[in-house]
Amino acid sequence: VLFLHGTTKKRAEAILQSGPDANFREPNGSFADGFSLTPANGPFDVGHPHDYARHKAANFPNEGGPAVVLVELSVELADILIGPLGQICADKALNIGAEVRFEPGGGLEELRAAWPSLPCSVMLLDEDEP
Amino acid sequence: MNAIALAPYEAQAAKALQTLAHRVDTPAIDDFIMQLFKMASDLEQIVSCEFTDKRIRITANQRILHELELPRAKSILRMVCARLAVRCAEWTNQTVSPFSDQVSVEIPSEKRPYLVAFENTPVQQMMVIELL
């Protein structure tokens with residue numbers, strides 16, 4: 001299953017190298033808290049990763065522009081890490097269909113552990129493409 | 001407005017939050033959002049919803065109508081705010097930031113204007129809806 005994460009080039013490259021980091025600090029000092037993925041085929045009910053990337057790049061203009069992390073999870077791994085659609089499952093990522101949210105204690109540690117072996121890449125976006 | 005007059009809306013707020021306690025997907029989130037609009041319309045007050053200390057809280061003119069502790073409350077409200085941004089973009093046919101924005105919207109089914117503001121960042125998840 002292919003997933004997307006919209007962000008900036010700088011953050012995408014860090015994620016590609018080290019995996020998602022819940023301790024990542026925003027420039028204002030706040031923590032990321034978790035990591036969101038959107039199924040590449042949608043639905044995009046809570047926004048398109050490209051839009052997130054472009055808005056984030058606009059908010060952080062010194063981070064190299066918009067980028068998308070592409071990561072592929074096997075169906076078996078997705079079943080282990082991600083909770084059932086619409087249900088809050090204690091130790092798995094929250095899955096609303098349009099977004100999967102990994103948090104500490106909710107699939108993030110397992111995702112980080114698997115990250116080095118996952119097919120993963122970064123796609124750079126044009127800043128103003130619709 | 002006194003506490004007695006608010007009572008029906010406290011129940012309405014509790015019902016709205018229970019929507020998210022039972023299921024968190026796009027239809028449930030849409031249902032929750034529309035219940036917030038209805039409260040803002042019925043009360044003719046500023047209705048807000050925010051994450052605070054593991055809870056999602058609904059207020060009217062800064063008076064707490066109901067709050068509910070939910071597992072993953074912050075992530076859930078994060079997704080609600082994100083969905084609200086998408087809906088606002090659909091209703092207004094304009095670009096709405098997924099992180100923070102303020103827009104005037106007219107919901108097609110109601111044809112009443114609302115002011116919607118929201119913040120959806122690592123620091124804060126909150127939304128405010130006001131009937132104009």
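Proteins get letters first, then strands, A, B, ... in listed order; numbering begins at 1 in each. Only heavy atoms go into these numbers, but all of them, side chains included; no hydrogens, no water, no symmetry mates.
Residues B:Met127 and B:Leu43 share a hydrophobic cluster, clusters being chains of Ile/Leu/Val/Met/Phe/Trp/Tyr side chains in contact below 4.5 Å. Cluster membership for B:Leu131 and B:Ile46, using ILVMFWY side-chain heavy atoms within less than 4.5 angstrom, is not shared. B:Tyr9 and B:Ile64 end up in different hydrophobic clusters when Ile, Leu, Val, Met, Phe, Trp and Tyr side chains are linked at under 4.5 Å. B:Leu17 and B:Leu70 fall within the same hydrophobic cluster, defined by Ile, Leu, Val, Met, Phe, Trp and Tyr side-chain heavy atoms under 4.5 Å apart, directly or through other members. With hydrophobic clusters built from ILVMFWY side chains whose heavy atoms lie under 4.5 angstrom apart, A:Phe35 does not share a cluster with B:Ile76.
When heavy atoms are compared at a cutoff of 4.5 Å, A:Asn95 approaches chain B solely by way of its backbone atoms N, CA, C and O. Interface remark: B:Leu84 contributes no atoms to any contact with chain A (heavy atom separation under 4.5 Å). Within the 4.5 angstrom heavy-atom criterion, only side-chain atoms of B:Arg78, from C-beta onward, approach chain A. There is no contact between A:Ala58 and chain B, counting heavy-atom distances below 4.5 Å. Contact annotation for A:Leu85: both backbone and side-chain heavy atoms come within less than 4.5 Å of a heavy atom of chain B. Proximity to chain B (any heavy atom under 4.5 Å) is restricted, for A:Glu103, to the side chain, taken from C-beta onward. Proximity to chain A (any heavy atom under 4.5 Å) is restricted, for B:Thr95, to the side chain, taken from C-beta onward.
Applying the ring pair (Phe, Tyr, Trp, His ring centres under 6.0 Å) criterion to A:Phe102, with sequence neighbours excluded, gives no partner residue. Contacts of A:His48 classified as ring pair (Phe, Tyr, Trp, His ring centres under 6.0 Å), with partners at least two apart in sequence or in another chain: A:Phe44, A:His50.
Of residues 96-114 of chain B, those residues lying under 4.5 Å from chain A by any heavy-atom pair are B:Val96, B:Ser97, B:Pro98, B:Phe99.
Side-chain heavy-atom separations under 4.5 angstrom define the hydrophobic clusters, and the remaining members of the one that includes A:Leu125 are A:Leu2, A:Leu4, A:Val68, A:Leu70, A:Met123.
Atom CD1 of A:Ile96 and atom CD1 of B:Ile29 lie 4.0 Å apart (nearest 0.5 Å). Atom CD of B:Glu90 sits about 8.0 Å away from atom CG of A:Asp45, to the nearest 0.5 Å.
Surrounding CD of A:Gln17 are at most 12 heavy atoms belonging to other residues, nucleotides or ligands under 6.0 Å away.
In plain terms, the two heavy atoms of A:Leu94 and B:Ser75 that are nearest each other are CD2-CB, 4.1 Å.
Counting heavy-atom pairs closer than 4.5 Å to chain A, the top-ranked of the candidates B:Arg83, B:Arg72, B:Arg23 is B:Arg72.
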